[in-house]
Amino acid sequence: MIETSAGPRILEVSLGERSYPIHIGPGLLGEPDALTPWLAGRQVMVVTNEVVAPLYLQRCRASLPADAEVRELVLPDGEATKTLESVSRIWDALLEAGFNRRCTLIALGGGVIGDMVGFAAACYQRGVAFIQVPTTLLSQVDSSVGGKTGVNHPLGKNMIGAFWQPRAVLIDTDTLVSLPPRELSAGLAEVIKYGLIRDAAFLDWLEGAMADLRALEPAALIQAIECSCALKAQIVAEDETEQGVRALLNLGHTFGHAIEAHQGYGKWLHGEAVGAGMLMAAELSARLGWLDEAAVSRVRDILAAAALPLAAPADMSVGDFLVRMRLDKKNIDSRLRLILLRELGDACLSDETPPELLEALIEAFPRG
Ligand code: NAD
Ligand code: GLY
């Protein structure tokens, strides 16, 4: 599994006629015509934000054909802007430009931009092409792959959205050099997630590679991104619309979304909340007798090595968690469904956690 080269890789998300490639490598953005093969026509709108535009918009434009009719839309930054109002701004810009059904949207940025642009593409004229150009580690290993698009609602995270697959995902690992360390750690949470849910050997490798990953060592980085994308592509190909196995990708998310929504979107990063949530899920799995203390310690240690929080917000009560967790999209009727760990590398979806066990776990979990 471990390759030592930092050379480019290509994977595929196999979804029949909606299959698409994931290109991973250094310096991909800015290569002439790097984005050209996946354009539906010549009308192109690059949507990005105020942080990413000065860093990468020019390189993105350089990867488009000279004869394309290119428009740019630069939105404000941040999770708090992942709203229907922002998506409406994209639709306004498309209509004002007179763009038709053969236009292509390019999502240049992190998961917030990717989720919003994908949703805008899903609805514009009942669906147009879009390409993901993710620039955070989290978006490179998770949100750009698999076609989940949407926005937040004040009452819950990602509550409004659609499944809409991109035409391609172009991951330029060089973009990570400008990423703040806290954002890098947030992305590492999702990388660790893949090891925990599906691949114990990858988890072993990650334990040894964490220092290199935090130092952006190129070969380690490409390996972690490729392995994460391959696992995600496999799961999405098996279960595109989350009728079963795809739900496992939500390890830690039920707790994490509760933290994000309670704190106000953007205060805790999504990956940070997922990191704390995965530790909560591991501890709950131990209370159910599935994981032993050594396994929970490994989870705690790898999250610590990735500089992720090991405690929940100081001001969150058991009730605060439960109110938000009951809104989770995985729940069916009134049954709370959680992703838990049978062992490291083997997750399952369970609706059988006794409520008193869950409440005791939340009560006992450290606050920071
Ligand atoms: P983000 O998009 O807010 O990006 C994090 C920050 O980094 C932002 O300030 C952004 O402007 C900045 N940034 C982006 N690229 C940069 C770069 N190369 N250099 C410097 N700064 C850069 O957050 P995120 O962590 O990328 O994504 C989180 C979002 O993704 C959440 O809304 C979450 O719900 C969503 N998500 C979606 C899926 C999915 O399957 N669709 C999966 C996981 C997460
Ligand atoms: N991030 C969860 C999913 O794509 O299903």
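For this chain, numbers begin at 1 and follow the sequence in order. As the structure lists them, so they are numbered: ligands from 1, and atoms in each ligand from 1.
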Which ligand 1 atoms does Asn49 reach within 4.0 Å, using its non-hydrogen atoms? 10 (C), 11 (O)
Give the contacting part of Val145 toward ligand 2: side chain, backbone, both or neither, where contact means a heavy-atom distance below 4.0 Å. neither
State whether the shortest distance between N or O atoms of Lys148 and N or O atoms of ligand 2 falls below 3.5 angstrom. yes
Parallel, tilted or perpendicular: which one describes the rings of His270 and His253, with boundaries at 30° and 60°? perpendicular
Can you tell me the protein heavy atom closest to atom 21 (N) of ligand 1 and the distance? Val51 CG1, 3.8 Å
Search all heavy atoms of Leu73 against all heavy atoms of Ala93 and return the closest pair with its distance. CD2-CB, 4.2 Å
Under 4.5 Å between side-chain heavy atoms, counting indirect links through other Ile/Leu/Val/Met/Phe/Trp/Tyr residues: same cluster for Val128 and Phe163 or not? no
Evaluate the side chain to side chain contact (heavy atoms under 4.5 Å, CB included) criterion for residues Val151 and Glu85: first the C-alpha distance (whole Å), next the side-chain angles of each, then the deciding distance (0.1 Å), finally the verdict. CA-CA 10 Å; Val151 295; Glu85 289 71 30; over 6 Å; no
Of all protein heavy atoms, the one nearest atom 5 (O) of ligand 2 is Arg246 NE, 2.7 Å
Please report the shortest heavy-atom distance between Leu291 and Ala282, naming the atom on each side. CD1-O, 3.8 Å
Can you tell me the protein heavy atom closest to atom 11 (O) of ligand 1 and the distance? Asp77 OD1, 2.7 Å
Which atoms of ligand 1 have any heavy atom of Lys82 under 4.0 Å away? 31 (C), 32 (O), 33 (C), 34 (O), 35 (C)
Close-contact set for ligand 1 against Leu55 heavy atoms, below 4.0 Å: 19 (N), 20 (C)
Output the list of atoms in ligand 1 that are nearer than 4.0 Å to some heavy atom of Thr135, sorted by atom number. 14 (C), 15 (N), 16 (C), 17 (C), 18 (N)
Numbered atoms of ligand 2 (with element) below 4.0 Å of Asp142, judged on heavy atoms: 1 (N)
For a quick test of reading the model, state the closest non-hydrogen atom pair linking Met116 to Ile90 and the distance between them. O-CD1, 4.2 Å
Parallel, tilted or perpendicular: which describes the rings of Trp91 and Phe119, with under 30° parallel and over 60° perpendicular? tilted
Hydrophobic clusters here meaning ILVMFWY residues chained together by side-chain heavy-atom distances under 4.5 Å, can you tell me if Met278 and Trp268 are in one? yes
Nearest to atom 4 (O) of ligand 2, what protein heavy atom do you find, and at what distance? Lys232 NZ, 2.5 Å
So, does Lys157 sit close enough to ligand 1 that a heavy atom of it is under 4.0 Å from the ligand? yes
The one among Glu79, Gln140, His270 that brings a heavy atom closest to atom 32 (O) of ligand 1: Glu79
For atom 40 (O) of ligand 1, find the nearest protein heavy atom and state the residue, atom name and distance (0.1 Å precision). Lys232 NZ, 3.5 Å
Say whether Arg182 and ligand 1 are in contact under the criterion: heavy-atom distance to a ligand atom below 4.0 Å. no
Glu242 and Asn250 side chains, donor-acceptor separation under 3.5 Å: yes
Look at atom 23 (O) of ligand 1 and find which of Ala186, Pro76, Gly111 reaches it with the closest heavy atom. Gly111
Quick one: which ligand 1 atoms are inside 4.0 Å of a heavy atom on Gly110? 2 (O), 26 (O)
Proximal atoms of ligand 1 relative to Asp142 (non-hydrogen, under 4.0 Å): 42 (C), 43 (C)
Run the side chain to side chain contact (heavy atoms under 4.5 Å, CB included) test on Phe99 and Val44 for me, step by step, so that the C-alpha distance in whole Å, both residues' side-chain angles and the decisive distance to 0.1 Å come before the verdict. CA-CA 8 Å; Phe99 274 17; Val44 181; 5.6 Å; no
Crowded around Glu352 CD? As in, over 12 foreign heavy atoms under 6.0 Å? no
